Every structure is written in structure tokens, then in C-alpha cells.
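For the numbers below, each heavy atom of this structure counts, side chains included, while hydrogens, waters and symmetry mates do not. All figures in this text were calculated on a predicted structure; none of them were measured in a lab.
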Amino acid sequence: MYTVGELLRQWRHRRRLSQLDLAIAADVSARHVSLVETGKSKPSADMVLRLADQLDVPLRERNRLLLAAGFAPRYAERPLDGNALSAAWDAVEKVLRAHEPFPALVLDHRWNIVMTNRAVDPFLADVAPDLLRPPINMLRLGLDPRGLAPRIVNLAEMRVVLRARIARQLAAAPDSELTALYEELLAPGSEEASHPIESEVVIPMIFRFGGRELRLFSTTTTFGTPMDITLDEIAIESYYPTDAESAAYFTKPGADAPADT
């Protein structure tokens with residue numbers, strides 16, 4: 001079991017900061033940071049959180065730091081559909097509904113689907129039933145041959161994009177379960193060299209439905225300054241058409257499903 005000083009040092013190295021960099025950002029002396037990391041000085045709970053804030057440590061891991069320092073956890077983890085987070089739940093539902101007729105969904109930090117809007121349902125019509133058993137994982141859903149993979153025209157490019165995105169996520173906040181998914185579904189292959197990615201922003205995800213191609217790109221929305229672990233770990237993925245033809249497919253009268261014909 002790591003001490004709070006060892007954990008803080010790990011996070012500092014992960015953020016590629018020197019002790020002096022962290023000390024300046026947190027408005028403390030570099031010597032104090034050194035004493036905390038070596039265990040020669042016991043930090044207060046406020047000091048732990050001050051250093052964690054400057055290191056951009058996720059709330060779940062801030063609780064771990066507090067426990068390692070001998071303090072009670074500070075951040076609760078409540079269900080999104082519970083009374084305590086009802087305002088947040090309502091806000092998320094409004095964002096999802098407002099994005100229709102285009103797809104949008106809520107993901108947790110392990111890429112499990114928490115909520116979707118109605119525009120997502122048609123994409124799941126031909127997916128193997130076991131992939132739709134909760135928790136539905138977006139990575140598995142998208143990359144499994146029994147899921148959406150056969151419909152994604154540029155699957156090799158999407159794998160490269162996802163690999164880079166999740167590698168950054170794991171570098172910022174390591175997670176054993178997400179690491180296992182990464183190693184299972186996104187192990188580097190020969191397609192990486194043949195599909196270099198210059199920018200994720202301009203790479204659409206291309207779906208083939210009903211003999212036509214739908215080109216979509218996504219944006220990610222997160223809660224600002226969350227004080228609850230659940231809110232800290234979810235994100236809204238909203239998909240937009242990249243061209244008029246794709247937009248028309250979703251907005252034409254009576255269009256409710258990207259089904260094969």
C-alpha cells in the first residue's frame with residue numbers, strides 16, 4: 001500500500017512536473033513538497049487537496065490520497081438518477097433530447113454507456129444481444145465484429161483515433177479495467193502505420209446503412225468543477241453529420257432509423 005507521499009510523487013511524475021513546479025503552483029516551498037513525498041512531513045487534508053488540485057487528480061483518486069494520509073474521503077459517489085443529482089440528471093436529459101434527431105450518449109470513465117437519446121436506438125438494432133447487456137461498453141460495441149464494427153467503413157482509422165484518445169486518458173488517470181479493454185480491443189496492429197492520423201477533429205466516423213454512407217464526427221461535453229465522483233467521470237458524446245447528405249438522412253420526414261433496405 002502506497003503512502004500519500006508516494007502517491008503524490010507518482011501523480012507529479014505523471015504530470016511531468018518537478019517538485020519546484022508543483023511548489024510554485026501550490027504556493028508552498030519546494031522543501032515542503034519534498035518532505036511530504038518522502039514521508040518526513042505529514043500533510044493536512046487541505047494540503048493534500050491543494051497539491052491534488054494542482055496535479056489535476058481525479059476526484060476518485062483524491063479520496064485515495066486522503067485515505068492514504070489518514071483522513072476521511074471528501075467526495076461522494078452518488079447514482080446519476082438519484083435524488084442528490086436530480087438537477088444534473090435533468091440537465092443531461094435535456095442535452096440528449098435537444099440533440100435529436102442526431103445521436104448522443106453519456107459515457108462513464110470506462111466507456112460504459114450510462115444514457116442515450118432515441119437517435120442511438122436504430123444503430124443497435126442488429127447488435128448481438130450479449131453486447132447489449134448492462135453495462136454496455138461503447139468500445140466493445142464499436143469494435144466487436146458482432147457489434148457496429150461491420151458497419152464502420154473506416155474502422156482502421158477509428159481504431160487509431162480511439163487508441164490515441166484512450167492512451168491519453170490512461171496517461172492522465174490510470175484505470176486497470178480500461179487498460180484491460182485497451183489491451184484486448186486496441187492492441188497496435190499493422191493498420192496503424194497505413195492509416196496515420198493527423199488530427200482527430202477532421203476524421204469522421206463513416207457508417208454504412210441502407211446502401212449509403214453516413215459521415216459523423218463527435219464532440220465531448222463534461223461537467224465543470226464537479227464535486228461528485230459520478231459527475232467527474234461522465235461525458236456526453238454528441239454526434240454531428242459532416243455533410244448535407246448525412247444530415248438529410250436524419251432530418252428527412254419519417255426518418256427514425258438508419259436501417260438496411
Side-chain angles (χ1 to χ4, degrees), residues 14-15 55-62 75 77 79-81 85 87-121 123-124 135-143 147-149 151-152 154-155 157-175 177-179 181-182 185-186 195 197-207 214-243 246-247 250:
R14 194 169 287 127
R15 299 296 184 248
L55 292 168
D56 195 25
V57 177
L59 300 190
R60 183 182 299 276
E61 294 301 317
R62 295 189 193 196
Y75 303 98
E77 182 177 10
L80 185 58
D81 58 353
L85 299 184
W89 174 271
D90 289 344
V92 170
E93 280 194 318
K94 287 177 182 177
V95 171
L96 294 182
R97 286 197 303 268
H99 195 64
E100 293 173 354
F102 306 123
L105 45 83
V106 180
L107 300 174
D108 69 15
H109 68 300
R110 290 172 176 156
W111 289 65
N112 293 317
I113 297 177
V114 178
M115 299 171 62
T116 70
N117 67 7
R118 291 175 298 179
V120 172
D121 294 344
F123 286 85
L124 308 180
I136 303 172
N137 186 267
M138 186 63 177
L139 292 177
R140 194 175 299 283
L141 187 67
L143 298 174
L148 297 175
R151 294 186 178 274
I152 303 176
N154 60 337
L155 182 61
E157 287 183 329
M158 288 299 98
R159 284 175 55 87
V160 177
V161 170
L162 285 170
R163 185 180 302 125
R165 180 172 172 182
I166 294 174
R168 290 196 300 270
Q169 181 180 338
L170 288 172
D175 180 271
E177 290 189 29
L178 186 58
T179 297
L181 274 173
Y182 177 90
L185 301 172
L186 290 166
H195 293 276
I197 300 297
E198 297 296 332
S199 171
E200 293 182 22
V201 176
V202 298
I203 303 298
M205 181 179 292
I206 307 172
F207 287 94
L214 304 178
R215 306 171 70 90
L216 305 172
F217 71 93
S218 67
T219 63
T220 303
T221 304
T222 59
F223 279 88
T225 60
M227 296 298 289
D228 179 274
I229 292 174
T230 298
L231 298 186
D232 189 44
E233 294 181 343
I234 65 171
I236 302 173
E237 292 276 327
S238 303
Y239 292 85
Y240 296 83
T242 65
D243 53 49
S246 297
F250 289 97

Nearest heavy-atom neighbours spanning V120 and P103
CG2-CB, 3.9 Å
Can you check side-chain contact (heavy atoms from CB on, under 4.5 Å) on I152 and F207, steps first, answer last?
CA-CA 5 Å; I152 303 176; F207 287 94; 3.9 Å; yes
side-chain contact (heavy atoms from CB on, under 4.5 Å), that's the test. Do L141 and I113 meet it? Break it down for me.
CA-CA 10 Å; L141 187 67; I113 297 177; 4.1 Å; yes
What distance do S246 atom OG and F102 atom CZ have between them, rounded to the nearest 0.5 Å?
9.5 Å
Let me see the working for I234 and L80 under side-chain contact (heavy atoms from CB on, under 4.5 Å), right down to the final yes or no.
CA-CA 10 Å; I234 65 171; L80 185 58; 4.1 Å; yes
Using ring centroids (six-membered ring only for Trp), state whether Y239 and H99 fall under 6.0 Å.
no
Of all heavy-atom pairs between T242 and P204, which one has the smallest distance, and what is that distance?
CG2-CB, 3.9 Å
Can you tell me if E100 uses its side chain to pair, donor with acceptor, with the backbone of N117 under 3.5 Å?
no
Rounded to the nearest 0.5 Å, what's the gap from CG on D232 to CE on M227? Could you check?
10.0 Å
Is there side-chain contact between Y75 and R60, with at least one heavy-atom pair below 4.5 Å?
no
Side chains of L170 and Y182: closer than 4.5 Å at any heavy-atom pair?
yes
Would you call the rings of F123 and F250 parallel, tilted or perpendicular, taking 30° and 60° as the class edges?
parallel
To check you understand the geometry: which heavy-atom pair defines the closest contact between A171 and R15, and what is its length?
O-NH1, 3.9 Å
Rounded to the nearest 0.5 Å, what separation is found between the CG atom of N137 and the CG atom of L181?
5.0 Å
So, do M115 and I236 sit near enough that their side-chain heavy atoms are less than 4.5 Å apart?
no
Note: L96 and L105 closest approach over all heavy atoms is CD2-N, 3.9 Å
Give, for atom CG of L185 and atom CZ of R163, the distance between the pair rounded to the nearest 0.5 Å.
11.0 Å
Given side chains that start at C-beta, do those of L139 and L178 come closer than 4.5 Å, heavy atoms only?
yes
Value for CZ (R215) from CG (N154), rounded to nearest 0.5 Å, stands at 7.5 Å
Minimum-distance pair of heavy atoms, taken over all atoms of Q169 and H109:
NE2-O, 2.6 Å
Would you say the side chain of L162 lies within less than 4.5 Å of the side chain of L143, judging by non-hydrogen atoms?
yes
What's the shortest heavy-atom distance between S218 and E237, and which atoms?
OG-OE1, 3.5 Å
Rounded to the nearest 0.5 Å, how far apart are CG of L214 and CG of D243?
8.5 Å
Side chain to side chain, E177 and N112, heavy atoms closer than 4.5 Å:
no
Ionic contact status for D175 with R110, cut-off 4.0 Å
yes
Verdict with supporting geometry, F223 and D228, side-chain contact (heavy atoms from CB on, under 4.5 Å):
CA-CA 10 Å; F223 279 88; D228 179 274; over 6 Å; no
